[in-house]
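Just below is one structure, and these are the notes that go with it.
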Amino acid sequence: MKSIQVELGARSYPIHVKSGLLHNIPKILSDYNHGQKWMIISQYNLMELFGFDLLNQLKENGYQIDFITLPVGESAKSMNEFSRVISQMVEFNCDRSASILALGGGVVGDVAGFVAASFMRGIDYFQIPTTLLAMVDSAIGGKTGINIAEGKNLVGAIYQPKGVLVDPEILASLPKEEVTAGLGEVIKYGAIWDYHFLNDIAGWMKNLDTFPYEDAIAKSCEIKSEVVSKDEREGGLRRILNFGHTIGHALESHLGYGRIRHGEAVALGMKCAGYISHKLGLLKKDEQSNLVETINRLPLPKLRHINGNHLMPFIKTDKKSEKGTLNFVVLEGLGNATTTTEVTEDLIRESLKVLN
Ligand SMILES: NC(=O)c1ccc[n+]([C@@H]2O[C@H](COP(=O)([O-])OP(=O)(O)OC[C@H]3O[C@@H](n4cnc5c(N)ncnc54)[C@H](O)[C@@H]3O)[C@@H](O)[C@H]2O)c1
Ligand SMILES: [Zn+2]
């Protein structure tokens, strides 16, 4: 088992990555079980796939455990669902000693994490991510939250789990497109932090059927935890994790959620950000081509011509949230990211041509 420590002083926690780990959860959690109430928060389809097995295993090992399900899709990240889960926690006699297991993708992790952050002013929780995106990204770093009508993730907390338990075998039941979309985030880690990792990914992606998910997940978790350990609240360094995301988020909003997967939008956003980095004299031409070639190995959706005029308002929304300045993440060479406020609207428009 590969174990990575997220170093945050008293709030430090381990990420365990191992194929087949799902069958060992009672043992892994045994040090944390002191007779308290445990709740699995998940989705019904995931309970059928692995949640009921997990529930039974834990019961057989003496855990006092029940489960709550959320609907599938972004609609689960709502005030209504949040308050319904909190009420159910009370009905199940959860108190301040209760612990939550968040079993699911980013949607479940974000809601369950926010429930853990707020129920009785905060209780322990563990992330058991089931999508590649959640394994390498959303389950790590403690960002939790829900959406309101005015925007995504506008209500939430940074609240760290007690542990993250990753079983790459779980990906077998995930639709292939969801897995490859998650690879967009994996490429991101190589691009922003580790040139050798990026090279490895490029090689592995020549044949997606033999892609070594366990190694790639462990390395991605290592990189994310290093960044989060240095800047938990996104005061500076953590922003580099948004590489590809300014244009990526704008594409998601412009095309409409559900039309393009997050990881796919990020992959396309990284192509534009690579172009911008080159134009600013920070990334050599051959490095830019290398990045684009790697990204192009992903089966990405074909987009109709993207009109800069349609995209810009969404990019400005990102800018608004940063007090008027757009902190754009660029590469200063492959494997090394930094932020700049020098990226103009014109350059962003120009970069969109790499999408066609
Ligand atoms: N907190 C963070 O730091 C952070 C970071 C990135 C994204 N997010 C959030 O994550 C969410 C997206 O997460 P996601 O991409 O994991 O999507 P998701 O949680 O909606 O999961 C996608 C779908 O796959 C199903 N599924 C999950 N695992 C499965 C499995 N192993 N087999 C079969 N089906 C499975 C789910 O039931 C769901 O229908 C967004 O709401 C986004 O805002 C949060
Ligand atoms: Zn992302």
Side-chain angles (χ1 to χ4, degrees), residues 13-16 20-131 134-135 138-139 142 144-146 155-157 159-167 169-170 173-174:
Y13 56 95
I15 303 168
H16 300 301
L21 168 151
L22 197 60
H23 308 292
N24 274 321
I25 291 193
K27 189 155 169 255
I28 298 172
L29 292 179
S30 59
D31 283 349
Y32 301 93
N33 187 28
H34 38 83
Q36 79 272 38
K37 181 85 191 181
W38 291 78
M39 291 301 309
I40 295 177
I41 299 185
S42 191
Q43 288 160 329
Y44 201 81
N45 56 325
L46 300 178
M47 287 305 294
E48 289 190 316
L49 282 168
F50 5 77
F52 288 123
D53 269 353
L54 177 63
L55 185 83
N56 291 334
Q57 271 185 65
L58 286 161
K59 276 187 178 162
E60 281 161 20
N61 282 276
Y63 289 71
Q64 230 203 98
I65 183 155
D66 274 295
F67 72 98
I68 297 174
T69 57
L70 288 165
V72 161
E74 200 59 29
S75 65
K77 284 178 60 172
S78 69
M79 216 48 114
N80 276 345
E81 290 301 327
F82 168 75
S83 71
R84 187 182 57 82
V85 173
I86 295 276
S87 298
Q88 275 191 276
M89 298 275 296
V90 177
E91 279 160 29
F92 276 117
N93 295 319
C94 292
D95 59 18
R96 279 169 55 189
S97 70
S99 303
I100 288 174
L101 300 178
L103 175 71
V107 163
V108 167
D110 280 8
V111 180
F114 189 46
V115 168
S118 45
F119 184 73
M120 307 232 166
R121 301 197 182 88
I123 62 172
D124 290 351
Y125 78 113
F126 295 81
Q127 291 277 13
I128 309 176
T130 64
T131 62
M135 291 178 185
S138 60
T144 70
I146 55 176
V155 178
Y159 189 70
Q160 303 295 342
K162 289 287 166 205
V164 182
L165 313 178
V166 184
D167 182 349
E169 274 177 18
I170 288 185
S173 56
L174 191 67

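Hydrogens, waters and symmetry mates are skipped; everything else that's a heavy atom, side chains included, is used. Starting from 1, each residue takes its place in the sequence as its number.
- Counting heavy-atom neighbours within 6.0 Å of Arg84 CZ, excluding the residue itself, gives a total above 12.
- Atom CG of residue Leu46 and atom CD1 of residue Ile41 lie 13.0 Å apart, to the nearest 0.5 angstrom.
- From Asn56, atom CG reaches atom CD1 of Ile65 across 10.0 Å, with rounding to the nearest 0.5 Å.
- The structure places NZ of Lys77 at 9.5 Å from OG1 of Thr144, a figure rounded to the nearest 0.5 Å.
- Between the OG1 atom of Thr69 and the CZ atom of Phe67 there is a distance of 6.5 Å, given to the nearest 0.5 Å.
- Relative orientation of the Tyr159 and Tyr125 rings is parallel, given thresholds of 30° and 60° on the angle between their planes.
- Closest approach of Leu22 and Gln57 over heavy atoms only: O-NE2, 3.5 Å.
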Please lay out, stage by stage, how Met89 and Ile100 fare under the test side-chain contact (heavy atoms from CB on, under 4.5 Å). CA-CA 10 Å; Met89 298 275 296; Ile100 288 174; 3.9 Å; yes
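- The two residues Ala139 and Pro161 make their nearest non-hydrogen contact at O-CG, 4.2 Å.
- Contact record, Ala112 with Ala102: CB-CB, 3.6 Å, taken as the closest heavy-atom pair.
- Among the candidates Val107, Leu49, Leu103, Thr130, the single residue satisfying the side-chain contact (heavy atoms from CB on, under 4.5 Å) test with Gln43 is Val107.
- Panel note: side chain Tyr63, backbone Pro26; a donor-acceptor pair is recorded below 3.5 Å.
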For a side-chain contact (heavy atoms from CB on, under 4.5 Å) check, start with the C-alpha distance between Ile40 and Met47, then their side-chain angles and the critical distance, and finish with the verdict. CA-CA 9 Å; Ile40 295 177; Met47 287 305 294; 4.0 Å; yes
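- When every heavy atom of Leu21 is checked against every heavy atom of Val166, the shortest pair comes out as CD1-O, 3.8 Å.
- Contact check for Lys37 versus Asp66: side-chain heavy atoms found under the 4.5 Å cut-off.
- Asp124 and Lys162 get closest at one heavy-atom pair: OD1-CE, 3.1 Å.
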Carefully, step by step, assess Phe50 and Ile128 under the rule side-chain contact (heavy atoms from CB on, under 4.5 Å). CA-CA 11 Å; Phe50 5 77; Ile128 309 176; over 6 Å; no
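- For the pair Asp110 and Ile146, the minimum side-chain heavy-atom distance is 4.5 Å or more.
- The shortest distance between side-chain heavy atoms of Met135 and Ile170 falls below 4.5 Å.
- Panel note: side chain Asp167, backbone Gly20; a donor-acceptor pair is recorded below 3.5 Å.
- The aromatic ring centroids of Phe119 and Phe82 lie 6.0 Å or more from each other.
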CA sep, side-chain torsions, deciding dist, call: Leu165, Leu29, side-chain contact (heavy atoms from CB on, under 4.5 Å): CA-CA 10 Å; Leu165 313 178; Leu29 292 179; 4.2 Å; yes
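- With hydrogens and angles disregarded, no donor-acceptor distance shorter than 3.5 Å links the side chain of Gln127 to the backbone of Val164.
- For Met79, the CE atom is loosely surrounded, since the number of other residues' heavy atoms within 6.0 Å does not exceed 12.
- Leu58 CG to Ser30 OG: the interatomic distance, rounded to the nearest 0.5 Å, is 11.0 Å.
- Separating the OG atom in Ser97 from the CD1 atom in Ile123 is a distance of 8.5 Å, to the nearest 0.5 Å.
- Scanning both residues, Ala76 and Val111, for their nearest heavy atoms gives O-CG2, 3.5 Å.
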